[in-house]
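Every chain is numbered from 1 and lettered A, B, ... according to where its sequence line falls, protein lines coming before strand lines. The model shown is predicted, which means the values in this text are computed figures rather than measured ones.
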Amino acid sequence: MNSLKTFLILIALMASTTISTATPEYDFYICAKVNRDYVIGSKVETVNGVFKRGDDGSWNHQGYNDTTLTAVAFDPRDRNVVYTSANNGLWRSLDGGKHWRICNDWDMTEARHVAVDPNAPDHVYLSLPDGIAVSTDRAQTLVRRENGLPERGKYTQRVTIDRTQAGRVFAACEVGVYLTENGAESWRCVLPTKEMVDDIQQSPHNSDHWLVVTQSAGAWSSQDRGLTWKQIEGVPSSHALYNITFDPTDPQRLAIASWGLGVLTSEDGGKTWQDRNAGLPEPHRVWRVGVDPDGRLYASVHKQTLFYSDDFGRTWQPDTLKGSLVNYFLTLPKLAQ
Amino acid sequence: MLTLASTGTALAQPAFEAGPPDRSVIEDAAQRRAEYEARVNEVLNWRASGAMVKTDDPGNLGLAVVACKLALGQDLENCSLSVLKAMEEPGTGPFWMFPSVCVAYLGRESLSPEAQASIRDVWRTTRQLRGDTENHWVMYYASLYLMSELYPNEPAETWYNGLTSEENLAESKAFLIDWMDMTTTIGQGEFNPTHYIGEYAIPMLFLASWSEDPEMRQRGKMMLDWLFAELGNITLNGVMRGPNSRTDEGSVIERWNSLSSYFSWVLFGNTPPTKGYGGWGVYFATVAKNYQVPEVIYRLATDRKEDFVQRDRARIRRRWRYSEELSPPVYKTQYLRDDYAVGSTTGGQLDPIQAHAWDVSWDEPDPRGKHNTMFSLHPNSSSVAMQMSFTAYPEPWIKGVTNEGKPSYDSPDKVVGSSPFEQVFQDLDTVVALYDIPEGTRFPHINGFFSKDLVNITEDESGWIFAQGGQTYLAYRPLAAYHWIPYLHYSGGWAKEKLPIGGQLLTSPHLKNGTIVQAASVDEFANFEAFQDAIHALPLEFNLEPVPTVKMTSLRGKQISFTFGEAPQVNGEAINYANWKLFEGPHLNAEIGGRKLTITHGKLQRVLDFNTLTISDTVTP
Amino acid sequence: MNSFKSIKSLGRAFVALAAISLTQAQPSYEAPPPSLEVIQDAGERRAAYLARVNEVYDWRFSRIDAGGPPAKLDLAVITMLLERNQRIEECNQRVIEMMETPGTGPFWMFPSAIVALAGQDKLSAEARASIRKAWRTERQLRGDTENHWTMYHTSLYLMSELYPNEPGETWYTGNSSSDNLKEARGWLIDWMDITTTIGQGEYNPTHYIGEYAIPMLMLATYAKDPEMKQRGHMMLDWLFAELANVTLEGVLRGPNSRTDDSSVLQRWNSLSSFFSWILFGNTPPTAGYGGWGNYFAAIALHYQVPEVIYRIATDRPEDILQHDRARTRRMWRYSDEHMPAIYKTQYLRHDYAVGSHQGRVSDAIQSHVWDVTWREDDPRGKHPTMYSLHPHSSGRVMQMQFSAYPEPMPISVSAEGKPSYDAPDKLVGCSPYEKVYQNLDTVIALYDIKPGERFEQVNGFFSKDLVDLTEDKSGWIFARGGDTYLAYRPLADYHWIPHLEYRQLPSDAGYKWARDSTGSKVLASPHVKNGTIVQAASVSEFATFEDFQKAMIALPLEYSLEPVPTVRLTTLRGKEISFTYGEAPIVDGEALDYTEWKLFGGTHLNAEVGGRKLTITHGRLQRVLDFNTLTISDTVTSGK
């Protein structure tokens, strides 16, 4: 059953790519900081960065040891082309992580997120604390594309690309959600906020359905491709919400990571929400949640480690990657052997 | 940095252990040079002799000892072995990059080919982080610049960042020039830093010493002069005074105890060095022979014939969000006299964690262990403030910074930090600090620091609190009710507990609040009572509602009106900060946007002109 | 002229010093030539400079207890001991002893002033008082040449500053401290003003550079007034910038306002080489570290040559061409001008240098007008030079510059350290009957000697160090010196005579000299209408010596000697030159107008006449010395 679901999901995820979807298997990646209390200048005593989950559940480190990775993205045509956003900016590898090149100059740094447009795979979007940079040549060159973003207020936590249309991208900014439909030639605000928008996600089940979580304005939902938004009742605004995720195996299942509220889940498409912190350490400071294509829910707990749940949060087990803090979960179809 | 403030070693540190140095001005240039070199050699010999070496293995000395030995030409074989050892476990980021560059350059002729190759190879294999503060970037790019010059024409795959030597050189040069451009037009971001001055001075000295490009050598030298001119100007007998962009618990009360004092010692010889010669300071010593502070700057620091007021601009640490401006201006006032100094910013939110907005600090014949300062603050603790400056989520930060070298950040009785709810005005040796703290703010009170070294503390029925520090009379006027609590101190950035080290805090748990401080020299009055009488006689009116406001006449006869949220008025004229220059005073002068600093002492004048990369020394008629 | 007690005693002292120098190690003097590698690191340059200074100290200190004359401390070593704060009691005693018989004039004034200044906080009250007393009791002569006046006024300035507010009766001048200070300052500023507007009087001096550099270093070191301190510093840079620019591997080249029989041939053997050594480290120092040079070394810690000047001396990626101005020694009489202009041309290449002025009376006795000199791996003992001159000897010309009767002077100067002055085979001196034009590495010297002049001949110097000397039937004489090919064309008949150098003999009654053959020779051409053409080139420019000769013979050349000497030729560098005695030289059809020359115009040094501002350039480094504002500016130019 799960494998069938996985197959459907991966078709959805990779709708417009040329990657073979003949096999229902997938690769699962995280960007994690395992080095606790790292301060600039201190020795990196543990391995950090991109990890790929092995078939036995172990985590295999990929590429450089970097404590500051915020996201990883791959070229859908060639898995050897890897992009990571980090403190230094944007790192790119063309050989599966053997060699890396920093693609930005000194005024595009402390990158928050990186995304590749599945319908224009040469196009790479980099979210920055002071705006957005775009490459149209696989990050060989990067230019700022901020027309329509406010001069102040363009801190961009995340960019998420609409898988159904090339150049249609949402940016989670300091003062709202911004949308471009022309590859960042221009942006417009589709959801204003007073404080940070922390995450924006497109449903793997329905490409018109989008979700947003914020610093202090709760969670929001759009059913019209992100053009209009409605606040999700039942999700408090009292605490910061760090990210939100769909369950690729079930359109009704959603999960939110919150500092203070911990893990919130919904199993009715967001109508009602439950606290799913039983079994997780206190205080309930959950950094990220993620769901893999088998429906396993992950929660990265601040100053603790990564936990997983096979019953969508009712019970939790610590993962093997001890002391980790996960910044990003990513699922991709497994490469043909 | 901070861990090094508590460096310990059994080996003799003569200048640290001896009495305070002679304060007489050295007129003879060669004697100045000789004494400078003697101080530098004291550092090199101490560190090279094995101080702070953690192992008995002569082949595992650590990069700082290796750098000192290379500078002295000692023990070269073990230097090579130690470099090979050190490169087995390289660090990441600027604090590893600049020491490794230092050793790479010092060892060009003397390290074994294997040792040199091992450094070069780590620059291929280990990803280096640029960090998240201005001093990190300066160290990062100065190091990358020099390594790229040392190993030119090498392909992208031989560098950790996948760029060629030429690309790294161009990228680093662009950053360094942009940073110099910003600093020489709108001011320093990390202005008057008690510790981070090292993180700027050391990379600049490396550039001045080793850059093959004469332009970058000149820029390095000019920036050193720029940094040290301001250091010389705002120190009193070698001890930095007044506000700081970034400091810590130790330095804000024991003003001498900061890396800036090491630099005063090595450059001017007018105060003892800090323990372990400032830790990072040894790297400055390894190439100090390539620089000597010019006479005009030496005299700014040591030859004080008259009181002076300096009004300067700086800029607030870059704000990513929640701010209308990227780097709002800071307006600094510094007034220095023989016996004391008064310095301030206009208050408000500065650096989110480590700023110090104002103080009155007095001279001590031996400043070591003395808490020679008086000031008040609102102990602001705000995740939003930190979000402004850091690319992080707010919630983990408050706890996070207390574990990362800033232990007092979230303590109600802290004495470090700036607040958006504080506004300050200084006229000569009078300071008025007003507070309007919103309901619901995490710590709804203000703290006033009263040193263990004050004598004759007198809570007068007039409402003034009088005291004497050194040869300075002080009058402190709280504008709201208060009570006393003992001052408890985190000794060091990584300390887990607070200790009583003397002194007390005046705690005033009122949202509408204020402090007035007036200082004067003991020799200006017949006795302490005469000073108190003079203060009593000054006209003073104040209200706290609807917002704090003060109307007073200062000891210097100025009529001051200051209301929270409004421009201060002096003798009926409103202060217009927008008219302030980058530097304005008897010693330092520069226009906003000018890229040109004029340094003056008596007939001596040095102009640093970054427009033409020219250093001009003039003797004026 | 130099009728100072101190000169005689110091003369004896340095004869003895030269002798003692053989017994005490002078490492750099005795060692092979130094490395010519440019030191890139500022700290290493400073350390190397200090090491050289210390070498002089060590040598002088080693001689204190070495026995033999002069076993007693002299004022130079006393200065060094004071700087090092050593043997102060011996210094006290010796100063008191020496001040019992003070010298007279600048050569005593500046050493005694240095000791007074260096010892102001170290010498005993008695020792300091003994110096001060000598400045009251012993009349000091100001001398009669520019370097004397510079030393005199500098010393008087600094002593007056050291002892301010003292009445006239406490000074030999009878003037108060403030009067002396004002007078000395007035002269010094006037001298700096002349030098920075119309040029030096004692330009490119082989020896007297010390008499300027030492007083300027004294001002830079000891003046209390920051203005005079700055002026001293700036004049040092000015002097050393020109020194650096006219030396090749540390050896001074081209014309000299004043030199002597030895230095004009063995170009290295002059005090200027000591300064090259101590400042740039690019040639060995002379014996005894230059004698007077010891005083510079004693306080050398107080100065370091700036990088741009160091590089001009040591870092030569390209040929140097300078066209600069200077001035003749002041002319009291028999001249329409007080200090006529000297127009100098210097062309320096990797293997050789060519330098000249236009030819005229400059200094009546000691001038050297032009030469072609080549690089020697070790310049010591070599005569790497070629030139000609008219051996002029004239009481009337000396009258122009000295306030003396003409008749005794030709005899008296020969007796006062210039033995060759009245000798027909002399190789030092300028003449009113010589006109010179230089274009790059071609020199034409024309002579129209008034019949009845004392010596009706032209002397051409041919070094013992030349090889392959060939008298070609074409009339050219070819030779090679070092890696330089040379072609010498006499325009009239000549014969060869041996070169005899002057060797000073021990004497208690004035100078006595012997003459010894050196192996060099002199081309003597006993014709009043005469001329010389010299062309130089690098060995590397030609496949063989024969090719060079062929190239020279192929060059168009016409000349005639009547009614006045005139030459028309094409140079090896393709320039068409016409030069007639008494007329402006014409290059490629254009007459040269010397009045358009700047004070300095060339590769490294540039200044306008009257500008009081010198721009010193090397690559992207630039230092400007602006005496109008007393500003030293260091710039790194964009290089674009």
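Across every non-hydrogen atom of A:Tyr155 and B:Ala392, the tightest pair is OH-N, 3.7 Å. Closest heavy-atom contact between A:Trp106 and B:Ala174: NE1-CB, 3.4 Å. Shown here for B:Arg130 and A:Asn87, the closest heavy-atom pair between the two residues is CG-OD1, 3.2 Å. B:Leu129 and A:Asn88 make their closest contact through CA-OD1, 3.2 Å (heavy atoms, listed as atom of the first residue, atom of the second, distance). For A:Pro129 against B:Thr391, the heavy-atom pair with the smallest separation is CG-CG2, 3.2 Å.
Looking at heavy atoms from C-beta onward, A:Asn65 lies out of side-chain contact with B:Arg127 at the 4.5 angstrom threshold.
Within residues 317-327 of chain B, the residues having any heavy atom closer than 4.5 Å to a heavy atom of chain A are B:Arg318, B:Arg319, B:Trp320, B:Arg321, B:Tyr322, B:Ser323, B:Glu324, B:Glu325, B:Leu326, listed by residue number.
Separation of atoms CG (B:Asp178) and CG (A:Asp107) is listed at 8.0 Å; rounding is to 0.5 Å.
Proximity to chain A (any heavy atom under 4.5 Å) is restricted, for B:Phe390, to the backbone atoms N, CA, C and O. In this structure, the portions of B:Tyr160 lying under 4.5 Å from any heavy atom of chain A include both its backbone and its side chain. A:Asp95 does not touch chain B: none of its heavy atoms, backbone or side chain, sits under 4.5 Å away. Contact of B:Ala156 with chain A is not made at all, since no heavy-atom distance falls under 4.5 Å. If you measure heavy-atom distances from B:Thr126 to chain A, the contacts under 4.5 Å come from the backbone alone.
The closest donor-acceptor contact from the side chain of B:Asn161 to the backbone of A:Arg101 lies at 3.5 Å or more, if one exists at all. In this structure, A:Asp105 contributes its side chain and B:Glu171 its backbone to no donor-acceptor pair below 3.5 Å.
The candidate from A:His302, A:His239, A:Met196 with the greatest count of non-hydrogen atom pairs under 4.5 Å with chain B is A:Met196. For the set A:Gln215, A:Glu195, A:Glu151, A:His99, the count of heavy-atom pairs under 4.5 angstrom toward chain B peaks at A:Gln215. Interface summary for chain B: among A:Lys154, A:Arg285, A:Arg112, the most heavy-atom pairs under 4.5 angstrom belong to A:Arg112.
A distance below 6.0 Å separates the ring centres of A:Trp287 and B:Tyr393.
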